[in-house]
Amino acid sequence: MAQKSLQDLFDIFLNQQPLFIKKEALQETHTPENVPHREEQVKQLATILVHTLRGEKPSNIFIYGKTGTGKTLVSKFICGEIGKRAKTHGLNLIALYLNCKIDKINTPYRLFAHILYQLGEQVPVTGLPTEEVYRKFIQTLDKNKSTFILILDEIDSLTDTSTLYNLTRVNTQLQNSRVSLIGISNSSGFTNNLDPRIRSSLSEEELVFPPYNAPQLKDILFKRAEIALRPGVLEEGVIEKCAALAAQEHGDARRALDLLRVAVELAERNGEPSVTINHVDTAQKKIDTDRVVEIIKTQPRQSQLVLYSIIYLKDLEKGDISTGDIFEIYGKLCKKYNLTPLTQRRVSDLISELEMLGLIGANIISKGRYGRTRTISLDVVGTALEKGREILKYELA
DNA sequence: CTTCCACAGGAAGGTCTGGCGG
DNA sequence: CCGCCAGACCTTCCTGTGGAAG
């Protein structure tokens, strides 16, 4: 019986016409041949960077805009194009792209090590003094006799300011090369709390990427879908639905593409011949849930326990949750699960981290005579919350 | 007006792991 | 093997603070 149904399952997949013809076009890694609805930004960037083609050092650039507004895409696109042109002109131009968050670049050591790695130099992850890596970094850049365009994506996760300071001063140490920086951030406030000298150096030019609106998202999706999917697999309104949902979410194109891709995946998995609006709804839930589950799973034990305490308090429905409440419950749970409790100072930091991850919300409020604290709310709801609770129980047991 | 709660969150330093070069 | 290094993770100690209560 079980075997028969398995055979049926194979049959369904084998007889089914695939819905995707080039799934890659709906994934983040895909760089399209042009960047629709970002013409203005492309032009501005190009105008600034064109100096590199004359071998001059262009201004440093700071780019901001929310997630999925095309910052990364445009920067990479431009560098590719300029690279091509530099080649035909016989100029030495090297564009390097680094994502500070993904590559965990938060110290000068790591920054230099990553750049060196991209230039084909091996540097150990740890063990060497930072000084030595820095020396090698300068040497290698100079040896290349090139203009470097250094793209630092998610630069706001680079909290250590000495890293940025080092970078803005690199040019003074170089004889034969030039470095110009493109910093990318999604919070516009990032530069505000920087050292004024670093700020002015970093944002000699500033570019803002506005969110896409629903019609623009629709157009982008349509173009990508043409490449990615077999014609006619999308039912009426599917693209519009994805665009609308993503537009609500601050015009995030990545979200829109994810929605569409997951919706198609769901349809394909169920052996259905076309994608419906229902698939998009399900995709929305699935993306949320998957994200939450993934975060919870990768969180260290102590952090999981803090989150569990918050969920526990939330279930009690006793109104506002304060740091003190959490710490109290957390302490009890530590006993129960046989973990040595951390200090309140540390738990406070863990709470901040959970906030950064978007699992909880935290607001500082003052209750006058009764102190000043953060009130914490749970940002995870519905299916994602149920699933999260499950995972936590399993992980902590 | 002052007092004072219940924390926020900065600073400095400790401990441990994993890796370096000699 | 040694002495040294970076980084993750914590602790200890600390100063700062919005606003209801007195």
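Note that the structure is predicted; figures quoted are calculated from it, not measured. Worth knowing before you read on, the calculation uses all heavy atoms, side chains too, and leaves out hydrogens, waters and symmetry mates. Lettering follows sequence order; numbering is per chain, from 1.
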Practice task
Determine, stepwise, if the pair A:Glu121 / A:Lys136 fulfils salt bridge (Lys or Arg N to Asp or Glu O under 4.0 Å).
Solution key: CA-CA 9 Å; A:Glu121 299 275 343; A:Lys136 192 168 180 184; 3.7 Å; yes
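Aromatic ring orientation, A:Phe112 versus A:Tyr134: tilted (interplanar angle from 30° to 60°).
At whole-Å resolution of the value, NZ in A:Lys136 and C1' in B:dC20 are 12 Å apart. Between A:Arg372 atom CZ and B:dG9 atom P the separation is 8 Å, expressed in whole Å. The distance between atom CG of A:Asp325 and atom P of B:dC7, rounded to the nearest whole Å, is 7 Å. Distance CD (A:Gln302) to P (C:dC10): 6 Å, rounded to an integer number of Å. A:Leu342 has its CG atom 9 Å from the C1' atom of C:dC9, to the nearest Å. Atom C1' of nucleotide C:dG7 and atom NE2 of A:His114 are separated by 14 Å, given to the nearest angstrom. Going from atom CZ of A:Arg346 over to atom C1' of C:dC14 covers 18 Å, rounded to whole Å. The interatomic distance linking A:Ile376 (CD1) with B:dA8 (P) rounds to 7 Å, in whole Å.
Rounding to the nearest 0.5 angstrom, the gap separating the CG atom in A:Asn278 from the CD atom in A:Glu272 is 9.5 Å.
OP1 or OP2 of C:dA6 has not a single side-chain nitrogen or oxygen of A:Thr107 nearer than 4.0 Å. Applying the 4.0 Å criterion to OP1 and OP2 of B:dC5, one finds that A:Ser366 has every side-chain N and O outside that range. Residue A:Arg374 has a polar side-chain atom (N or O) positioned under 4.0 Å from OP1 or OP2 of B:dG9.
The residue among A:Leu128 and A:Thr323 whose nearest nucleotide of DNA chain B lies closer to the 5′ end is A:Thr323.
Judged purely by distance below 3.5 Å, without hydrogens or angles, the side chains of A:Ser366 and A:Arg372 never pair a donor atom with an acceptor atom.
With a 4.5 Å cut-off on side-chain heavy atoms, A:Ile94 and A:Leu119 count as touching.
Taking 3.5 Å as the limit, the base of B:dG10 and the side chain of A:Arg345 contain a donor-acceptor pair of atoms between them. Evaluation of atom-type donor-acceptor distances gives no pair under 3.5 Å for the side chain of A:Arg110 against the base of C:dG7. One can find a donor-acceptor pair under 3.5 Å joining the base of B:dG18 and the side-chain atoms of A:Thr126.
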